[in-house]
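Shown next, in structure tokens, is the structure this report addresses.
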Amino acid sequence: MTGTGTFSPGPVTTTPGRYPDMSALLAAFRASKTTVREALESCFERVAALNTSVNAVVHLEAASARRKADRCDLERRAGRKVGPLHGVPVTVKECFDWAGRPTTWGDPDRKEHVADRDSAIVERLRKAGAIIVGKTNIPAYLGDWETCNPLHGPTRNPHDMERSAGGSSGGGAAAVASGMSYADIGSDLGGSVRLPAHYCGTFGLKPTWGLIPMLGHGPRDELREPDIGVAGPITRSARDAAMILQVLSGPADRASPWAIRLPRADPRPLRDLRVAVFLADDMCPVDRAYLDRLDRFSAALAESGATVGPRARPDVDLARQTEIMNLLVRAETSTRPVLSSSWPRGTGRRARCGHGHAELNARGANLPHRAWLELHEERLRIGREWSRFFQEYDLLACPAGACTAPLLEMVEDVTMRTVPVNGGRRPVLEQHFWFGLASLPGLPAICVPLRREAGDPPAGVQLVSSCYADLALCRFAEMFHEFEVKNA
């Protein structure tokens, strides 16, 4: 029993098939233990068996994917490798443009909209040899932490069909967790990769801001990089996340005279790390059942020999950081179209506790440019304090949400959406406190699945590190996960 109600495990495992992650599949390709076509058909089998109920993949590319798989097998037999992801079946979030395919943003009025060019991430996946098998579900215009829209309907958590897969990258997390693809590329402005990863039991990486170009991710075909928002991989391992990060990162224009060279992964063992642990705050209370698992993780971390700082915090007013986060997120999303079609969403719970967030959202959506510049200056000063903090600590460990996956509910206004915490209901937007720790200053963060006992819902811990320490962060995440598994 948890604060979110009884968890009813479904028939879906988090590591379906013969190969637990993309890296293992690539090793099997190299050893001729399987073919690309066999790997692809395994994913299609999962789609056929589960997608009707889970509703993760909303556009499937069967015929072209099979042709690409057969070509990959011919190339491999001839000794030709086309990129580091050669033959890996992946999916992409519905809002990323893919030439010749629909990009609807979940709006029925865009049902016939077809992209005329590839987004940057689709172009790079294809050049790396990946096989894009489909596009995954989103909330309309990414405006919720629940994945549901009037065009494609709701995505359900593959571990329990009554529960949420999170949002806005919920379709991607559900697809990866249930074996429909080996990785998905989502986007994250205020936790939209990390929360679904937490709910669905996958890894979810929010990279340092600006590492992966977002060209082709915008309903108005914007050329600028979005403020705060990033693209990031949802995977079954941290090593996979690191591999995809290196494939996707770099300037939007490949002919640019500058390039990104990330620092190499830190070679230190777990016992030599300095980890600040921040698990509870009144700004966003955490459900006791989930907090107990985070506490066990923290205790195990200390037993590993790592230096754990349970009271270490940056010299930052975190309430003010969260307020700025909310304002700037809403300023950024204010440019998105409004869903014009009527959408009867049912009779979900409508607790009257969201007015403070509604007022904050309205302020952010109507910020004058001068006010935005002043908030940006505050953000830069906050980022400087985080940089100082990470000179003393390698990582910050914190919650990846307020609770584990709640029941799926369709509420008309995200400011009125709530989640269950310790027997009560809390505004879902409070979670910007935990996600904004990394999002506002542009820091990398990754959700790492926690060990599960029988009957436990999936849950993750969020790890945050300094700007451009993304590869080190992925390596640390893999170390933590392996340590938990070995000490189960």
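Numbers here are sequence positions counted from 1.
- A donor-acceptor contact closer than 3.5 angstrom links the side chains of S237 and D21.
- Residues R236 and V176 are in side-chain contact: their nearest non-hydrogen atoms beyond the backbone lie under 4.5 Å apart.
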TODO: Carefully, step by step, assess I131 and L85 under the rule side chain to side chain contact (heavy atoms under 4.5 Å, CB included).
DONE: CA-CA 8 Å; I131 300 176; L85 304 182; over 6 Å; no
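- We find that E41 and R46 are not joined by a salt bridge, their nearest charged nitrogen and carboxylate oxygen being 4.0 Å or further apart.
- Remark: R194 is not positioned above the aromatic ring of F435, lacking an NZ or CZ atom under 6.0 angstrom from the ring centre and at most 45 degrees off the axis.
- Side chain of E332 to backbone of P226: no donor-acceptor contact under 3.5 angstrom is found.
- Scanning all heavy atoms of the two residues, the minimum distance from N157 to A405 falls at ND2-CB, 3.6 Å.
- Contact between I212 and E225 at its shortest, heavy atoms only, is O-OE1, 3.9 Å.
- Residues P89 and L25 approach most closely at CD-CD2, 3.9 Å, considering heavy atoms.
- Residues P251 and P213 have side chains not in contact (no heavy-atom distance under 4.5 Å, counting atoms from C-beta outward).
- The backbone N or O of G186 sits nowhere less than 3.5 Å from a side-chain atom of S169 that would complete a donor-acceptor pair.
- The shortest distance between side-chain heavy atoms of S53 and R156 does not fall below 4.5 Å.
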- [ ] Check the pair T104, K111 against side-chain hydrogen bond (donor to acceptor under 3.5 Å, both in side chains), reporting the backbone distance first and the verdict last.
- [x] CA-CA 6 Å; T104 68; K111 183 177 181 180; over 6 Å; no
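- Interatomic distance, I446 CD1 to L205 CG, rounded to the nearest 0.5 Å: 5.0 Å.
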Task: Test side chain to side chain contact (heavy atoms under 4.5 Å, CB included) applied to L471 and Q246, step by step - done: CA-CA 9 Å; L471 296 180; Q246 293 177 90; 3.9 Å; yes
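- Residues L294 and G460 approach most closely at CD2-O, 4.1 Å, considering heavy atoms.
- Between R417 and D144, at least one side-chain N (NZ, or NE/NH1/NH2) sits under 4.0 Å from a carboxylate O, which counts as a salt bridge.
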Open item on the list: Between L429 and N361, is the side chain to side chain contact (heavy atoms under 4.5 Å, CB included) condition met? List the steps.
Closed with: CA-CA 10 Å; L429 289 174; N361 284 0; 3.9 Å; yes
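- Aromatic ring centroids of H198 and F203 lie 6.0 Å or more apart.
- Ring pair F96/H217 is tilted by interplanar angle, where 30° to 60° counts as tilted.
- R163 contributes no side-chain N or O that, together with a main-chain N or O of L408, makes up a donor-acceptor pair within less than 3.5 Å.
- In summary, the aromatic rings of H159 and Y199 are positioned with their centroids too far apart to meet the 6.0 Å limit.
- A donor and an acceptor atom, one from each side chain of D97 and T103, are located under 3.5 Å apart.
- The side-chain heavy atoms of L437 and W386, taken from C-beta on, include a pair separated by under 4.5 Å.
- In this structure, E61 pairs ionically with R101, as a charged nitrogen and a carboxylate oxygen lie closer than 4.0 Å.
- Of the possible donor and acceptor atoms, one in the side chain of S387 sits under 3.5 Å from a partner among the backbone N and O of G383.
- Salt-bridge annotation for R268 and D394: present, with a side-chain N of the basic residue lying under 4.0 Å from a carboxylate O of the acidic one.
- K68 contributes a side-chain N or O that, together with a main-chain N or O of A130, makes up a donor-acceptor pair within less than 3.5 Å.
- Of the possible donor and acceptor atoms, none in the side chain of E94 sits under 3.5 Å from a partner among the backbone N and O of T136.
- Looking only at distances, a side-chain donor or acceptor of S439 sits under 3.5 Å from a matching main-chain atom of L189.
- Of the charged side-chain nitrogens involved, at least one lies within less than 4.0 Å of a carboxylate oxygen, so that D70 and R37 count as a salt-bridged pair.
- Atom CG of L396 is separated from atom CZ of F390 by 5.5 Å, given to the nearest 0.5 angstrom.
- Side chain of R475 to backbone of D266: a donor-acceptor contact under 3.5 angstrom is found.
- The distance from atom CZ of R76 to atom CZ of R30, rounded to the nearest 0.5 Å, is 7.5 Å.
- Taken to the nearest 0.5 Å, the NE2 atom of H432 stands 9.5 Å off from the OG1 atom of T322.
- Side-chain contact annotation: D184 with S181, donor-acceptor N/O pair under 3.5 Å absent.
- Taking CG of L245 as the reference point, atom CG of L262 lies at 6.0 Å (rounded to 0.5 Å).
- Minimum interatomic distance between S23 and R239 (heavy atoms only, all atoms of both residues): CB-NE, 3.3 Å.
- Side-chain N/O atoms of T208 and D470 include a donor and acceptor closer than 3.5 Å.
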- [ ] Take D240 and Y182, measure what side-chain hydrogen bond (donor to acceptor under 3.5 Å, both in side chains) needs, and give me the verdict at the end.
- [x] CA-CA 9 Å; D240 285 2; Y182 276 85; over 6 Å; no
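- A donor-acceptor pair is defined here as one N or O able to donate and one able to accept, closer than 3.5 Å; no such pair exists between the side chain of Q462 and the backbone of C398.
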- [ ] Please lay out, stage by stage, how E484 and F297 fare under the test side chain to side chain contact (heavy atoms under 4.5 Å, CB included).
- [x] CA-CA 8 Å; E484 276 226 307; F297 165 81; 3.9 Å; yes
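- Between the side chains of N149 and N137, at least one donor N or O lies within less than 3.5 Å of an accepting N or O.
- Annotation: the span from L215 atom CG to R224 atom CZ amounts to 12.0 Å, rounded to 0.5 Å.
- Judged by distance alone, the side chains of S192 and K206 never bring a donor and an acceptor atom under 3.5 Å apart.
- By the 4.0 Å N-to-carboxylate-O rule, R77 lies too far from E75 to be salt-bridged with it.
- Heavy-atom minimum distance, A477 versus L463: CA-CD1, 4.1 Å.
- Between the side chains of T147 and T155, no donor-acceptor pair is found at a separation under 3.5 Å.
- With hydrogens and angles ignored, the 3.5 Å screen pairs no side-chain donor or acceptor of R336 with any backbone N or O of P219.
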